[in-house]
Number of protein chains: 2
Amino acid sequence: MAGKKLDEERQLFYEYLRQNGLKKTRQKDLILETFVNNEGHLSVEDIYALVKKRDKRVGIVTVFRTLKSLTACGIAKEIALGDGLTRFEHCYHHPVHHHIICTTCHQVSEFVSPELERVQESIVTQYDFKPIHQRIQIYGMCHDCRAEQPRADGPSPDTGKVFARDALRMALAMLNQGIDFYRTAAVRNQDPTGREIFELLAGEEESHARLLEKELELLHQKERALREAPVFLHFEPRDLQRLIPSLHAGVASGGLCLDARSAVETAMQIEERAAGFFLEYAERFAETEGKQIFLRFVEHARNHHAAMLRRAQAVISAGA
Amino acid sequence: MAGKKLDEERQLFYEYLRQNGLKKTRQKDLILETFVNNEGHLSVEDIYALVKKRDKRVGIVTVFRTLKSLTACGIAKEIALGDGLTRFEHCYHHPVHHHIICTTCHQVSEFVSPELERVQESIVTQYDFKPIHQRIQIYGMCHDCRAEQPRADGPSPDTGKVFARDALRMALAMLNQGIDFYRTAAVRNQDPTGREIFELLAGEEESHARLLEKELELLHQKERALREAPVFLHFEPRDLQRLIPSLHAGVASGGLCLDARSAVETAMQIEERAAGFFLEYAERFAETEGKQIFLRFVEHARNHHAAMLRRAQAVISAGA
DNA sequence: CTTTATGCAAAAAGTTTGCAATAAA
DNA sequence: TTTATTGCAAACTTTTTGCATAAAG
C-alpha cells in the first residue's frame, strides 16, 4: 500500500539519474526511502538523523546532494518556514498548497484555496507579471495552544487522502444544492409535467449523492485519522450557489411556471455550468485522487446533460 | 519635507531607548537615519555599506544590533525574500502589504489587497487559528524582463503616497458608480420629484468627485514619479458595485417609479452602505494618508446621509 | 577501466557572542 | 561613576566546495 508510492517515486528518481548520467547508490536509495516514508516538513538535519539510524556510514553532505536531486526531479520541494532552516516537503502528486504555522507548538497545517489563487491571479495580471511559484504563509497561534492543551498528535493522514475527502465533500455540497433547487422548483411549479421532471432530476441527483457519500464513508474507514484531519481544500459554498439560478425572481412574480421543455432546459443549464466550473477547478491541481474525483464529477454532469438532451428531444417530439 | 518622517521615527526610537534604559549614540543615530532615508528592502550588508560611506568607524555588529532595536520599536520589519538574506523594510505608518518578486531582475513590488485578506480570514477561521502575521510572496518574471528591456529605474515614490493615490482612485471609483446609478435612476424614473432628487444627488456627487480629482492631481504634481508607479492597493470594482442596488429588477418590471420619499430612501441606503464599507475597509490599515482619505470619504457619506434625512423630513412634511 | 559518488575536512556566508576599551547618563 | 555601547575577534550555524578514495556501470 504505502510501498506503491515509494515505487513510483523511485522509478521517477531512477529515470532522472539515467537521463543525467548519474549512478544509483545505496545511499541515494536510503535517503529517497527515508524522505518518502516521512510526511511532514523535514530539514536536512532531520533526514540525516533518520538516515543515520539505519546506516551510520552516510554523511550529511550526501543528504544535501541527494535532496538537491530529488528537488530537481520533482519529488521534493524546498520550503522556508521562517525558522532559518531549509525544509523539504513532498511535491510528487501533491497539489500546490500553502501553510499555516503555529509559532508556539510549531505545528504546520497545509491548505489549498482556489479562491485565494483567483485573487492572486487578478493582482498579478495588473502587473503583467508571470508568476512561477508563490509562498503564502500565515503565522500565529493554533487552537490547541490558545486552549493550553497539549496538541492531540494523532498520525496525520496522507495529504492526498485528505484532499480526496475534501473533493468528495465539495462535490456533495454541489449535489445537495442542486437537489435543493430541483425539489423547491418541483414544489413551486404549477405545470404538472415540469414538476414531474424536477422531481425526477432531484431523485437522480440524490442517488448520485448517496454514491458519493458511500465513497466518502469508505475512505474514512480505510484511513481512520481522516475524521480528525482538518480541512485542506477550502471552498466557499456561495461560489457553488452562483452556479444555480435563483428562484427568488420566480417567487416575486408569484410562483414559478416552467413547462416540461423549460424545466429540462433549466436543468441542462445547471449541469452544464457545474461541469464547466468543476473542470476549470480540477485543472488547477496536480495529478491527485482529488482531481480525479472532480473530473469524475464533470463526467457525471456531462452525462446527465446529454441524457437530458435526449429526454428533451423525446418531450418535444411527443408534444409535436 | 523628508525630514519630518525622520524626526517622527527618531522620536519613536528615542522613546524606546528611554523606556529600556538604553543610551543614544552617534552610531545608532546614523544607522536610523540611513535606514529611514533609503526606501527599499535593504540587507544588513547594504545598510552597513551606506553607513560606512559616512563614518568609517562603524562596525557591522552595531548595524545588526541597531536593526534589532529598530525592529523592536516598530520602525523596521525583518523580511525574507527567498535569497537567504534577512532584509529590512519600513514598517512605521506603512500598511501591511505583500510582495511580488522578479527572480530575473530582483525587483520587488509591493501590494495591498483587502480581498486577499478576506479570503485568508475565512480560511483561518476554519482552523480556529489566530493569525499574527502573514507572508504572501509571488515569485516570477516581471513585464520588463519578459520584454528583455532593461527596467526603467526611475525614483520610486514613497509607499504612503502611492497608497494615498490608490485610495483616492478607489473613492473616485465609488463616487462614479454612485453618479452612474443616480443618473440612470433619474432618466428611468417616471415620478418627476423622484427624478429631480436623483439628478440633484448626481450633481452633488459629481462636485465631490471633482474635488477628489483635484486632490489627486495635486498629489501627482507634488510627486512626479507617482504617474509611473504601479498599483499598490488592489480592489475589484465589482465589490463596489455590490454596494449599489441593481436597476435590472426595475427595468424588467418595465421602468422604475420611485416617488420622492423612496428616492431619498434609496440614496440614503447607498450612502449608508458605502460609509459602512469604507469604514471597515479603512480600519484594516495602519495610520497612513490613504487611511485618512478613506475616513474622510466615510465622513462625507455620513454627512450626505444626514443631509438627506433632513431633506426627507422636509419632503414628508411638505407632502403632509 | 572509466566515470561518478562519497565522506571527510575545510571554506563560505550570515549572524551571534565574549570581552576589553569606550562613551553616555 | 555607573552602566550601556562599541568594535574586534572568535564562535556558531547552515550550506557548499575541494579532494582523495570508493563504488557503480
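First the proteins, then the strands, lettered A, B, ... as listed; each starts at 1.
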* Asked: How is B/E45 classified with respect to the nucleic acid when contacts are heavy atoms under 4.0 Å: base, sugar-phosphate, or nothing?
  -> nothing
* Taking NZ from B/K28 and P from D/dG7, how many angstroms apart are they, rounded to a whole number? -> 11 Å
* To do: Name the closest nucleotide to the B/V44 side chain, picking from D/dT15, C/dT15, C/dA23.
  => C/dT15
* Asked: What nucleotide among D/dT16, C/dG7, D/dG25 has an atom nearest to a side-chain atom of A/K68?
  -> D/dT16
* Asked: Roughly, in whole Å, what's the span from OH in A/Y14 to C1' in D/dG25?
  -> 14 Å
* Structure fact -> Here the gap from A/I132 atom CD1 to B/M141 atom CE, rounded to the nearest 0.5 Å, amounts to 7.0 Å
* Between D/dA4, D/dA23, D/dT6, which one does the side chain of B/T62 approach most closely? -> D/dT6
* To do: Answer yes or no: is there an ion pair linking B/D7 with B/R10, defined by an N-O contact shorter than 4.0 Å?
  => yes
* **Residue closer to the 5' end of DNA chain C, A/K24 versus B/G84 (nearest nucleotide)** => A/K24
Between side-chain atoms of residues 107-119 of chain B and protein atoms elsewhere (two or more places apart, or another chain), which donor-acceptor pairs fall under 3.5 Å?
unit_1: B/E110; atom_1: OE2; unit_2: B/H41; atom_2: NE2; d: 2.9
unit_1: B/E110; atom_1: OE2; unit_2: B/H97; atom_2: NE2; d: 3.3
unit_1: B/S113; atom_1: OG; unit_2: B/L116; atom_2: N; d: 3.1
unit_1: B/E115; atom_1: OE2; unit_2: B/R118; atom_2: NH1; d: 3.1
unit_1: B/R118; atom_1: NH2; unit_2: A/E236; atom_2: OE2; d: 2.8

* **Rounded distance (Å) that lies between atom C1' of D/dT6 and atom CG of B/D29** => 15 Å
* Asked: Taking atom P of D/dG7 as reference, at what distance in whole Å does atom CG of B/L30 sit?
  -> 10 Å
* Of A/R26 and B/R57, whose closest DNA chain D nucleotide lies nearer the 5' terminus? -> B/R57
* According to a strict under-4.0 Å criterion, is A/T86 in side-chain N/O contact with OP1 or OP2 of D/dT15? -> yes
* To do: Determine: side-chain N/O of A/T25 to OP1/OP2 of C/dT6, distance under 4.0 Å, yes or no.
  => yes
* B/I60 CD1 to C/dG14 P: how many Å, rounded? -> 9 Å
* Check every atom of C/dA5, D/dT5, D/dG7 against the side chain of B/R65 and return the nucleotide holding the closest atom. => D/dG7
* **Presence of A/Q27 side-chain N/O under 4.0 Å of C/dG7 phosphate oxygens OP1/OP2** => yes
* **Nearest-neighbour nucleotide for the A/V61 side chain, C/dA9, D/dT15, C/dA5 considered** => C/dA9
* Please confirm whether the backbone N or O of A/V63 pairs with a side-chain atom of A/K68, one donor and one acceptor, at under 3.5 Å? => no
* Structure fact -> Regarding the side chain of B/F64, the nearest nucleotide among C/dT16, D/dG25, D/dA4 is C/dT16
* Structure fact -> Between NZ of A/K52 and P of C/dG7 the distance, given in whole Å, is 9 Å
* Inspect the surroundings of CD in A/Q19 and state if more than 12 heavy atoms from other residues, nucleotides or ligands are less than 6.0 Å away. => yes
* Asked: Expressed in angstrom and rounded to an integer, what is the separation of A/K23 atom NZ from C/dT2 atom P?
  -> 12 Å
* To do: Calculate the interatomic distance between A/L17 atom CG and D/dA24 atom C1'; express it in whole Å.
  => 12 Å
